[in-house]
Each structure stands twice: as structure tokens, then as C-alpha cells.
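Each chain gets a letter, A, B and so on, in the order its sequence line appears, and its residues count up from 1. Just so it is clear, the model here is predicted, and its values are computed rather than measured.
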Number of protein chains: 2
Amino acid sequence: MTAPLDDEPPLSAADAKRNKAAQDSAPALKAWVVLARAYLAISRHVAADVARFGLTASEFGILEALYHKGPLLLGDLQKKILVTSGGVTYLVDRLARKGLVTRESFPGDKRSRFAVLTPEGSALIKQIFPGHAKRLAKVLGALTPKEQKRLTGMLRDLGKGAEKEPLPRERKKGKTGLS
Amino acid sequence: MTAPLDDEPPLSAADAKRNKAAQDSAPALKAWVVLARAYLAISRHVAADVARFGLTASEFGILEALYHKGPLLLGDLQKKILVTSGGVTYLVDRLARKGLVTRESFPGDKRSRFAVLTPEGSALIKQIFPGHAKRLAKVLGALTPKEQKRLTGMLRDLGKGAEKEPLPRERKKGKTGLS
DNA sequence: GGCAGTCATCTTAGTACTAAGATAACTCGA
DNA sequence: TCGAGTTATCTTAGTACTAAGATGACTGCC
């Protein structure tokens with residue numbers, strides 16, 4: 001392995017995480033660049049894959065979430081796929097027009113509504129999902145499953161940290177940053 | 001009915017790496033989900049950051065590429081930021097209208113054109129870049145610089161693999177997959 | 001009970017792209 | 001040198017969203 005030059009000033013590792021200004025921003029910059037490239041490259045495959053069934057990647061994301069989690073409130077769906085509230089309305093409208101999901105009222109709160117898979121939607125996602133998963137495994141095949149798991153752990157931390165960090169403008173007290 | 005169906009038949013673990021069809025797609029699926037979430041969360045910060053200067057993230061990406069690499073042919077720029085050819089035309093048009101880049105002819109080939117930073121563009125990116133880098137370091141602060149470097153390595157492999165993999169539809173012989 | 005504040009969703013208008021194809025320029029073999 | 005094929009960019013039409021605000025519903029304090 002012969003780890004290449006990877007030197008850090010030997011400062012107390014205890015507060016390496018909590019250092020105030022993250023002096024050395026070069027690793028973060030590089031990480032962001034390659035993260036964006038990887039995302040764009042993979043998302044292209046995902047889009048092309050689900051397009052065969054007349055779906056966009058976001059629509060597929062909704063079906064997938066409902067398939068794995070069951071009915072979800074629109075707000076929860078929004079947090080899950082990280083779009084704006086208008087985006088959820090738009091996407092659920094489209095899926096409803098295709099007959100794949102419906103909206104159902106939430107007994108405790110008349111403002112809220114569930115998104116629910118119709119039988120057609122359920123059948124479709126069940127049909128699509130296995131092939132999609134296989135294709136994804138192939139696209140991510142440059143890493144072994146073990147490496148993929150390590151990657152997942154790091155990305156999870158990264159994503160959570162980024163979601164926690166307040167957005168620069170208008171950072172009043174909103175938690176999500178989505179309007 | 002918690003814990004949805006997530007089971008796989010237990011098969012010989014010996015050829016887990018080189019199995020022809022990537023049986024165990026669960027790690028890839030999870031990796032993709034958290035990768036997408038992390039990307040979206042971070043890109044929101046990037047977009048908000050550069051929006052203060054009237055730029056979109058893609059526009060900033062072009063300025064950044066030209067800043068670090070010098071003049072680039074539009075096609076190379078396209079590969080760098082992973083948009084379609086029409087997208088590059090659109091983005092360079094916008095930056096040109098803002099006076100930040102210009103197009104210059106490429107002596108050896110009349111079809112090709114360079115994108116070049118104007119003095120204004122150069123001044124702007126020089127002004128923006130340090131603060132942007134610092135902000136990015138903060139947004140990615142959940143990982144230490146060392147972890148970020150490891151992440152970069154894995155994502156680089158991942159992205160290259162994904163870019164190499166042919167897109168499902170219309171996979172004639174195009175290498176890039178961008179039209 | 002009533003009102004101020006907040007919240008979940010929807011609406012409207014706008015934008016940043018993409019897909020598909022057009023156009024002009026280049027390459028190369030016969 | 002011609003023409004068939006390829007390539008780099010641009011054009012046109014369409015779409016998947018976002019931003020900002022509207023609307024109706026809930027909450028809690030008085």
C-alpha cells in the first residue's frame with residue numbers, strides 16, 4: 001500500500017474534529033469535486049435505467065421510498081428525497097396521474113396527506129426494483145461490497161453533517177433548509 | 001411489520017468479489033442512496049454560497065475549472081463538469097453575457113473554441129474562491145481531512161467505473177454518454 | 001373562545017438545464 | 001479529390017424542477 005504523502009501536523013487528535021476553521025480546505029475541495037462527478041455519472045445510469053419505464057429518477061425515488069417504508073406523509077417524503085415542498089407536490093401529482101400513487105388523508109391533521117402506492121404502483125416497483133438493484137451494483141462495481149459499506153458510512157456522516165450545517169443566507173431557524 | 005424484506009439467499013462467499021452478476025446489491029444500493037443525499041445536501045450549500053455572487057453552481061464550476069486549468073476547449077469543459085454539449089453552450093453563453101468568459105478560436109480546428117476567463121472573470125473567481133473553499137471545508141467538517149482523502153480515493157474509483165460503464169439504452173460505441 | 005404564530009401543502013412564474021437534431025469542419029481511404 | 005463518416009458546437013423545443021408566496025389547518029397563550 002505504501003501510503004503516499006499524507007502528512008498532517010501532529011496536533012492533538014482529540015480536537016481534530018472540532019477545529020474551528022478547518023485550515024486545510026484542499027481535501028474538502030477535492031472530495032466535493034469527485035463526489036459531484038461520481039454522483040452525476042451514477043445518476044445518469046439511474047435515469048437511463050428507470051426511463052425505460054417512463055419514470056424520472058425522482059419519481060423512482062418516491063416509489064422506492066414508499067415500497068420500503070409504506071405510506072408516507074408528503075413532508076416525510078420531502079425530507080427523504082430532498083426536494084422542495086413544491087417538488088413533492090409536482091412529483092406526487094405526476095405519479096398520481098400515472099395511477100401509481102394516491103393521496104390519502106391523515107386522520108389526525110387535515111393539512112397532512114399520505115402518499116400511498118396503488119396496486120399498479122406496487123406492482124411496477126416490484127417489477128423494476130430487482131433489475132435496477134443489479135444494474136446499480138454493476139455501475140458501482142469498481143468498489144467491492146466491503147468498500148461500498150465503508151463508503152456508505154463515511155457518506156452518511158458527511159451528509160448528516162452537511163444537512164445540519166445552516167445555509168448561509170436566511171439562516172433564521174429553519175432546520176431543513178428546504179422551502 | 002417492521003424490517004421490510006431485505007433477505008438474500010445464502011450462497012458461497014468465496015466468489016463474492018468476482019461474481020458475474022453482483023448478487024449482493026444491497027451495499028451498492030445503500031451507497032447510492034447516501035451518496036445522493038450527501039450530494040444534494042452539499043450542493044445546496046454550494047448553490048447558496050455562489051448565488052451571493054449571481055452564479056449557479058455550474059457556472060461556478062466552469063469558472064473554477066478555467067481558473068485552475070487555464071483556457072479549455074468547450075468539449076473538455078463539458079467532460080470536466082459533466083453536462084451535455086447544449087449545456088456547455090448555454091452556460092458559456094451566460095458567463096459571456098456577464099462578461100466573465102469569452103470564446104476564442106482554436107488555431108488547429110475551426111470547429112473548436114476555447115473558453116477563456118476575462119480579467120473580470122479571473123478577478124471574480126479569485127475573490128470568491130477562498131471563502132468558498134473555507135465554507136466547503138466547514139460543510140464537509142464531519143470528516144477529518146484524512147478521512148476526506150480516503151473518501152476522495154474511493155469516490156474517484158467509483159466515478160471512473162461509473163463513467164466507463166456503458167449506458168443501457170443506445171449503447172452503440174459512444175464513450176462519454178453525453179450527447 | 002379568539003387571535004397570533006406556525007405548519008403542511010399547493011400554486012404560480014420562472015429557470016437551468018436536457019434531448020434531439022442541425023450545421024459546419026475535419027479525417028481518411030479509395 | 002471526392003465522398004462517407006465522424007466530430008465540435010449550436011439550435012430548438014421541452015421538462016423537471018426551484019423560489020416565493022398563498023391557503024387552509026393546527027397550537028397555545030390570554
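Across all strands, G87(A) comes closer than 4.0 Å to base atoms (heavy-atom distances). Counting non-hydrogen atoms under 4.0 angstrom, S112(B) reaches the backbone sugars and phosphates but no base.
Annotation: salt bridge (charged side-chain N to carboxylate O under 4.0 Å, His left out) contacts of E59(B) (sequence neighbours excluded): R94(B), K98(B). Under the side chain to side chain donor-acceptor pair (under 3.5 Å) criterion, T118(B) pairs with E120(B), not counting sequence neighbours.
Distance L77(A) CG to dA8(C) C1': 13 Å, rounded to the nearest Å. Per the geometry, CZ belonging to R97(A) stands 14 Å off C1' belonging to dC10(C), to the nearest Å. Between L40(B) atom CG and dA16(D) atom P the separation is 17 Å, expressed in whole Å. When the P atom of dT15(C) is taken as reference, atom CG of L55(B) falls 16 Å away, rounded to whole Å. Distance CD1 (I81(B)) to C1' (dT18(C)): 13 Å, rounded to an integer number of Å. What separates CD of E104(B) from P of dT9(D) is a distance of 14 Å, to the nearest Å. Atoms CZ (F60(A)) and P (dC17(D)) sit 14 Å apart, rounded to a whole Å. With rounding to whole Å, L74(A) atom CG is found 18 Å from dG24(D) atom P.
Each of E59(A) and G108(A) was matched to the nucleotide of DNA chain D holding its nearest heavy atom; the match closer to the 5' end belongs to E59(A).
Among the candidates V101(B), I62(B), V83(B), the single residue satisfying the side-chain contact (heavy atoms from CB on, under 4.5 Å) test with L77(B) is I62(B). Tested against Q78(B), the residues V92(B), V88(B), L91(B) include a single side-chain contact (heavy atoms from CB on, under 4.5 Å) partner, V88(B).
Between H132(A) and F53(A), a ring centre-to-centre spacing not shorter than 6.0 Å is recorded.
Side-chain proximity of K110(B) to dA25(C), dT18(D), dC26(D): nearest is dA25(C). Side-chain atoms of S58(B) lie closest to dC17(C) of the nucleotides dC17(C), dA25(D), dC10(D). The R111(B) side chain lies nearest to dT7(D) when the options are dT15(D), dT11(C), dT7(D). Of the candidate nucleotides dA16(C), dC26(D), dC10(C), dC10(C) has the atom nearest to the side chain of R113(A). In this structure, the nucleotide among dC10(D), dG24(D), dC10(C) sitting nearest to the side chain of S85(A) is dC10(C). Taking every side-chain heavy atom of T89(B) into account, dC10(D) is the closest of dA16(C), dC10(D), dT9(C).
Side-chain N/O atoms of Y90(B) include one lying less than 4.0 angstrom from OP1 or OP2 on dA16(C).
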